[in-house]
Number of protein chains: 2
Amino acid sequence: MVFDTVKIRATVALVTDRYHHGDLRRALIDAAVASIAESGPSALSLRAVAKLAGVSHAAPAHHFGDKAGLLTAVAAEGYDRFADALERAWKATGDFVEVGIAYVRFAIDNKAYFETMFRPELLHEDDPDLQRAEARSNAALVRGAGEQRADAEFNPEALGAWSLVHGFAGLLMGGNFPPAVVADPEGALREIAKRVRFGKPE
Amino acid sequence: MVFDTVKIRATVALVTDRYHHGDLRRALIDAAVASIAESGPSALSLRAVAKLAGVSHAAPAHHFGDKAGLLTAVAAEGYDRFADALERAWKATGDFVEVGIAYVRFAIDNKAYFETMFRPELLHEDDPDLQRAEARSNAALVRGAGEQRADAEFNPEALGAWSLVHGFAGLLMGGNFPPAVVADPEGALREIAKRVRFGKPE
DNA sequence: CCGCTAACTTGACACTGTCAAGACCGGGGC
DNA sequence: GCCCCGGTCTTGACAGTGTCAAGTTAGCGG
């Protein structure tokens, strides 16, 4: 265990008098994220998470119902942070490429969240919190991608840009790219952006 | 269990006199693929695979060493079939877009293989068979993507095209696309391809 | 026909998620 | 100020998992 158990338990201690054991929900999510960062979402163990947070082995299941429930909570929080990051990039620069950069930057900096978000078979996809957060990040994405009306059923340019950026992030994190790209992903993506043009067929 | 147990056991029966129980390795991989197609690679159970193939619970581990070993065998076979599909598309049409279409078509038609291939945390990445098959599919990909020299360390156009097509496949299978795209993914991708141009910055 | 070496089985172990039942404790009504 | 109620968490149990060591079986070369 390389986790910072002390730190995670500290977040509990901070609010320890709110009820029985403080904001356990928060502590469990933090522990889960730490664990996912180490060995991926599919290897997550509820009992390990419980030990990390210093509670009994069944506490996580009680709070989230399920292992999938805990992962769903992580994913929902991930989508929220993701939406924040995209909106921030769009507001700061107004540049569509910068939103793409923010996309892969988020994937790199928040590996645990990102890996959990795009693994539907591990989640409760019907969870309202998850759906709300997902919708928020989708909205932020199309706003940044197209500045066209967001209600477009099928916008090829936006879908293409989204695919490109999402695929880039996925391949990068999967270790499928050459070392030069891994060393400076942001630079590589800018290079690609310079070489790609979207628009009506000639 | 919705699997076609009879059929899978039949593949065993076909070669049943080769040694103890026929080509068990083959039967186990088939069973694994069937199981993965149902519930994803992370939910794979060695014992379920064994039951499907009609052997004892420890037989899979004996053949593949590990759960990761079995998944690695599946991934390696997947990469080989993938390389075949890409090469076939390239030879048949010589069209770079058609290779992209073949890419996502493979993802759709061979969901189980595709999902396993791009989950490094579940595999033995140092396996020589896996690496060979992976290299083969990479070669097929750059040959189709750029027709430039394949030794290029970092080819922005090819990387961009790869990212786009890979991201499209991933988002499609993750259920992140609108219904119109899900209904006709091939058409959607062609639409995108018409709107995207790669080349030197103007 | 005999033994040797592989392929496979058996049995055990520690670990997992999930569930029912109980223990604990803080806050609201008397 | 006391008590009881309800939610928070724990305890104990269960079936299922991957993995390993030891045993059994069967085919092949002598």
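Below, chain A is the first sequence line, B the second, and so on; all start at residue 1.
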Over how many whole Å does the gap from [X] atom [atom1] to [N] atom [atom2] extend?
| X | N | atom1 | atom2 | result |
| --- | --- | --- | --- | --- |
| B:Leu28 | D:dG18 | CG | P | 13 Å |
| A:His124 | C:dT18 | NE2 | P | 8 Å |
| A:Lys51 | D:dC9 | NZ | C1' | 18 Å |
| B:Leu46 | C:dT9 | CG | C1' | 16 Å |
| A:Leu70 | C:dT18 | CG | P | 10 Å |
| B:Lys67 | D:dG16 | NZ | C1' | 12 Å |
| B:Arg25 | C:dC8 | CZ | C1' | 16 Å |
| B:His62 | D:dG18 | NE2 | P | 17 Å |

Can A:Arg47 and A:His57 be counted as having a side-chain donor-acceptor contact under 3.5 angstrom?
-> yes
Decide salt bridge (Lys or Arg N to Asp or Glu O under 4.0 Å) for A:Arg119 and B:Glu121; before the verdict, give the C-alpha distance in whole Å, the side-chain angles of both, and the deciding distance to 0.1 Å.
-> CA-CA 13 Å; A:Arg119 252 192 210 25; B:Glu121 80 274 17; 3.3 Å; yes
Which of the following nucleotides, C:dT18, C:dT10, D:dT17, is nearest to the side chain of A:Arg47?
-> C:dT18
Please determine, for the side chain of A:Ser45, which listed nucleotide (D:dC9, C:dT10, C:dG17) has the closest atom?
-> C:dG17
What residue pairs, at least two apart or across chains, pass side chain to side chain donor-acceptor pair (under 3.5 Å) with a residue in residues 178-192 of chain B?
-> B:Glu98-B:Arg190, B:Arg105-B:Glu186, B:Glu186-B:Arg190, B:Glu191-B:Arg195
Just jot down the ring-ring contact (aromatic ring centres under 6.0 Å, His included) partners of A:Phe177, sequence neighbours excluded, or say none.
-> A:Phe168, B:Trp162
Check step by step if salt bridge (Lys or Arg N to Asp or Glu O under 4.0 Å) holds for B:Arg88 and B:Asp84.
-> CA-CA 6 Å; B:Arg88 217 176 306 130; B:Asp84 289 345; 5.0 Å; no
Please list, pair by pair, any protein nitrogen or oxygen found under 3.5 Å from a nitrogen or oxygen in nucleotides 19-22 of chain C.
none

Salt-bridge test for A:Glu38 and A:Lys111: reply yes if a basic N is under 4.0 Å from a carboxylate O, no otherwise.
-> no
